[in-house]
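A quick write-up on the structure given underneath.
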Amino acid sequence: MSDNTETLANLGTEERRFAPSADFAANANLTAEAYEEAAADRLAFWEKQADRLSWETRWTQALDWSNPPFAKWFVGGKLNAAYNCVDRHVEDGAGDKVAFHWVGEPEDDTRDITYAQLKDEVCQAANALAELGVGTGDRVAIYLPMIPEAVVAMLACARLGAPHTVVFGGFSAEALSSRVLDCGAKVIITADGGYRRGAASALKPAVDEAVTKVEAEQPGLVEKVLVVRRTGQDVAWDESRDVWWHESVGNASTEHACEFFDAEHPLYVMYTSGTTGKPKGILHTTGGYLTGAAYTHWGIFDLKPNSDVYWCTADIGWVTGHSYMVYGPLANQATSVMYEGTPDSPHKGRWWEIVQKYGVTIFYTAPTAIRTFMKWGDEIPNKFDMSSLRLLGSVGEPINPEAYVWYRETIGGGRTPVVDTWWQTETGAIMISPLPGVTHAKPGSAMKAIPGIVADVVNDEGQSVPDGSGGYLVIREPWPSMLRTLWGDDERFKETYWSRWEGMYFAGDGAKKDVDGDVWVLGRVDDVMNVSGHRLSTTEIESALVSHPKVAEAAVVGATDEMTGQAVCAFVILRESAGDGGADIVQELRDHVAKEIGAIAKPRQIMIVPELPKTRSGKIMRRLLRDVAENREVGDVTTLADSTVMDLIKEGAATST
Ligand code: 6R9
C-alpha cells in the first residue's frame with residue numbers, strides 16, 4: 001500500500017471536531033491518564049482491569065506469551081463467568097435491580113428481569129442442562145430469537161463450563177449444521193419460533209433439518225434439543241430427542257453451586273460469517289475475555305451502573321451481542337434494554353419509542369441502521385423525547401462522516417459524544433475508539449487505540465507508516481480478550497492472523513493515520529480498489545456519496561475493467577425526501593464525487609437501487625454487488641439477511657445505469 005498516499009490523503013481532512021462537554025469530561029470513567037498508565041506498565045494496567053472481576057483463585061502471572069501466538073492470560077486464576085455476571089451482584093444486594101428491560105416484538109409483550117430472577121433462571125437452566133448430560137467442556141449450540149432465554153442459556157453454559165456457540169436465528173439449517181458439526185455440539189437450544197414484523201416465524205423446522213444433516217455426517221452427535229415455547233406454533237416432535245424448556249428448566253431447582261474454572265477455560269466459539277469458505281470458529285476463553293468486555297464496557301460507554309439505562313441493538317448471534325449485550329453489561333451490573341424485533345415494526349419510530357419509554361442513556365448501534373434512519377427522515381425520531389441519551393456508539397463498519405453528524409445531532413440532540421468503536425469477533429472487545437470524556441472526536445475516525453491496546457498502521461514490509469499515510473491495521477501486543485485459536489485448527493489460526501508479519505496480529509483491515517496520528521479504518525483490504533494504479537477506498541467514495549443531500553446510503557465496489565484494472569461502481573439508495581432524484585441524478589452524483597475526492601474517484605457507473613444486500617450483522621456484501629457490476633450470475637446469497645434484495649437490485653441496475 002505504499003503507493004496510495006496521494007489518494008488516501010483526501011480522507012481525514014475532516015475539519016469538524018466534537019469535544020465532550022465539560023460536565024461529561026469531569027465525570028468520565030476513563031480519563032487521559034489511563035493512556036499514560038497503560039503505556040508505563042501495560043500488564044499492570046490489565047491486571048487492574050482484571051480486578052473488576054471476582055476471582056476464586058487469583059492469577060500468578062498476568063501473561064504467558066512464551067509460545068506465541070498462543071496467549072495465556074491471568075495464568076493460574078480461577079473464576080466463573082456466570083457468577084461474575086449474576087450471583088455476585090445479588091450477593092452485593094442488587095438482586096432487585098433490573099438486569100434487562102426486555103421488549104418483545106408484539107407491543108404489549110414486555111418483561112423486566114431483575115438480577116435475582118436472572119440468577120434463579122440461570123441456575124435452573126444449568127441444572128436442566130446438567131440433567132441432559134451437559135458437562136464441563138461439552139459444546140452447546142444456541143439458536144434462539146432475541147428472548148431472555150437466549151441470555152439465560154448462554155450464562156447457564158458458562159456456569160457449567162460448557163462452551164456455547166450462538167448461531168444467529170436468521171441463519172439457515174445449513175449454517176447451523178455446519179457449526180454444530182465443526183464444534184461438536186451435543187445439545188441445541190432453540191425455540192418453536194420467533195416474531196418478526198408482526199408475524200410468528202418458525203425456527204424449529206430449521207433445527208430438525210440441521211439435525212438430519214448432522215446425523216448423516218456424525219450419527220449420534222446431537223443428543224438433545226431443548227425447545228423454548230415462544231410463539232406456540234405447532235412443531236414436529238421427536239420424543240427421544242426433543243425436550244421442552246418450560247418442562248425441564250421450568251421444573252429445575254433454582255439452587256446451583258457453581259464451579260470455578262481456569263482463566264483459560266473456553267467460554268465460547270463464535271463463527272464468523274459472510275466470507276467464503278469454511279466458517280472460522282473464533283475461540284474466546286474466560287478470564288481475559290471477561291476482563292476485556294467489562295473494562296471496555298465500563299470505560300468506552302462510561303457506564304454508571306446505578307443511573308444508566310444501556311441499550312445495544314445488536315443481535316445476540318453476533319459478537320457485539322456477546323460482549324456488549326451480555327458479558328460486558330452484566331459483569332458491570334448494568335441495566336439494559338433487550339429488544340426482540342426490527343426497527344420498523346410496527347412503525348419506523350419503534351426504537352425511539354423504546355428510548356423514550358425506558359429513558360435510555362447509552363445507545364450502541366451500527367452505521368447501516370443509522371443510514372436507514374437518515375433515509376427515513378428526521379421527522380420520525382423528532383416525534384420522541386430522547387433527552388435521556390448521553391452517549392452514542394457505533395460499530396460494525398466505518399461510519400460515514402455525514403451519518404456520524406446526523407446521529408449526533410438528530411438522535412443525540414447535539415450533546416452526546418459518539419464513540420466509533422473498531423473491533424472484531426477476533427478481538428473480543430473494543431480496540432480503537434475515542435474515549436467519550438477525553439477525545440475531541442472527528443466524524444469518521446475511530447481515533448486511537450484505547451489504553452492497554454497497542455495498534456499500528458504498517459506498510460507491506462510491516463514497518464510503521466508515518467502520519468498522513470495508509471497501510472494495514474495491526475495489533476502489536478497481545479491483549480486479554482484476543483481470540484486464542486480457531487476451534488480445532490491451530491494452524492489456520494497462525495496462518496490467518498499471524499503469518500503476514502512476525503509478531504503482529506493482522507485481521508484484514510486497511511487504515512490510514514491522519515496528520516495527527518488518528519486512525520481512519522478504511523474497511524477490509526479486499527475492499528480497497530485499484531483504479532489505474534491508484535488505490536481508492538470504497539469507504540471514502542461511499543462517504544462522499546452519502547454527503548450528497550439526496551443520498552441515504554451507498555455501496556461501492558471495484559469491478560474489473562479492461563482499461564483501468566478496476567472501475568468504481570456505486571449502488572445508491574436515495575433519501576425518501578429526494579423522490580426519484582431527478583433526471584440528472586447520476587451525473588449530479590458523479591460530479592459530486594469528483595468534487596469531494598477527485599476525478600479519479602468518479603464512479604464509472606452509478607446504480608440507483610431500493611436496497612443493498614447485507615449480512616445479518618449488517619455488513620454490505622460487496623461480493624454480490626461486484627457480481628452485478630460485472631454482469632455475472634449472482635453468487636451464494638445464503639448469508640444475506642433478505643435474499644430477495646438481489647432481485648430488486650438487479651431490476652434497479654437494469655433501469656438506472
Ligand atoms: C464488532 C464487529 C469486524 C470487521 C472489522 C472491520 C469492520 C467493525 C468498525 C469497522 C470501521 C468501525 N468494523 N467496526 N470498520 N469502523 N468502527 O463488527 O465484528 O463482525 O467480526 O466485524 O468489521 O472491517 O474487521 P465483526
Side-chain angles (χ1 to χ4, degrees), residues 4 7 274-277 367-368 371 375 397-398 400 508 510 522-548 550-574 580-581 584-594 596-615 618-657:
N4 61 348
T7 47
T275 46
T276 48
T368 175
R371 291 189 300 258
K375 176 178 79 173
E397 276 186 286
N400 325 85
L522 301 173
R524 310 295 300 184
V525 281
D526 40 13
D527 291 342
V528 175
M529 299 169 291
N530 190 325
V531 180
S532 306
H534 293 269
R535 287 187 193 241
L536 292 171
S537 141
T538 53
T539 307
E540 189 181 6
I541 300 175
E542 286 163 8
S543 287
L545 286 164
V546 175
S547 74
H548 188 283
K550 289 183 185 169
V551 174
E553 186 156 17
V556 166
V557 296
T560 309
D561 186 284
E562 264 183 20
M563 294 300 287
T564 58
Q566 280 189 309
V568 180
C569 293
F571 295 78
V572 168
I573 303 180
L574 297 177
D580 71 356
D584 299 327
I585 183 70
V586 169
Q587 194 52 41
E588 202 176 314
L589 294 180
R590 294 185 77 227
D591 292 346
H592 180 73
V593 173
E596 291 290 304
I597 303 174
I600 178 73
K602 245 185 179 176
R604 178 187 75 183
Q605 215 175 349
I606 294 184
M607 291 162 259
I608 308 293
V609 293
E611 291 290 347
L612 290 171
K614 287 178 189 155
T615 63
K619 290 188 185 23
I620 296 169
M621 290 191 72
R622 291 192 173 71
R623 170 170 68 77
L624 299 178
L625 293 175
R626 225 171 283 130
D627 290 342
V628 174
E630 294 177 351
N631 290 319
R632 256 197 315 275
E633 196 57 26
V634 171
D636 183 14
V637 296
T638 52
T639 54
L640 277 183
D642 174 0
S643 56
T644 62
V645 304
M646 287 316 296
D647 299 329
L648 292 172
I649 289 168
K650 281 184 287 180
E651 276 165 34
T655 55
S656 68
T657 357

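The structure displayed is predicted, hence computed values, not measured ones. Note: hydrogens, waters and symmetry copies are ignored here, and every other heavy atom, side chains too, is used.
- We find that R371 and E542 are not joined by a salt bridge, their nearest charged nitrogen and carboxylate oxygen being 4.0 Å or further apart.
- For the pairing with L612, the side-chain contact (heavy atoms from CB on, under 4.5 Å) check across I620, L624, T368 returns one residue only, I620.
- When all heavy atoms of V556 and T538 are compared, the closest pair comes out as O-CG2, 3.3 Å.
- For the pair T644 and E611, the minimum side-chain heavy-atom distance is 4.5 Å or more.
- Of all non-hydrogen atoms in K375 and A552, the two that sit nearest each other are CB-CB, 3.3 Å.
- For the pair V572 and V609, the minimum side-chain heavy-atom distance is 4.5 Å or more.
- Between the NE2 atom of H548 and the CD1 atom of I585 there is a distance of 5.5 Å, given to the nearest 0.5 Å.
- In terms of heavy atoms, E588 sits closest to G581 at OE1-O, 4.4 Å.
- None of V645, V557, D627, T615 except one satisfies the side-chain contact (heavy atoms from CB on, under 4.5 Å) rule with M621; the exception is T615.
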Please determine whether side-chain contact (heavy atoms from CB on, under 4.5 Å) holds for the pair M607 and I649, giving the CA-CA distance in whole Å, both sets of side-chain angles, and the decisive distance to 0.1 Å.
CA-CA 9 Å; M607 291 162 259; I649 289 168; over 6 Å; no
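- Smallest separation of non-hydrogen atoms from Q566 and G558: NE2-O, 3.4 Å.
- At a threshold of 4.0 Å, the pair E553-K614 counts as salt-bridged, since one of the basic side-chain nitrogens sits closer than that to a carboxylate oxygen.
- In this structure, V593 and L545 have side chains that are in contact, with non-hydrogen atoms separated by less than 4.5 Å.
- With contacts defined as side-chain heavy-atom distances shorter than 4.5 Å, the pair P613/L625 qualifies.
- Side chains of S547 and H592 form a contact here, defined as non-hydrogen atoms less than 4.5 Å apart.
- The two residues A601 and I541 have their closest heavy-atom pair at O-CD1, 3.9 Å.
- Between R590 and K602, the shortest heavy-atom distance links the atoms O-CG, 3.4 Å.
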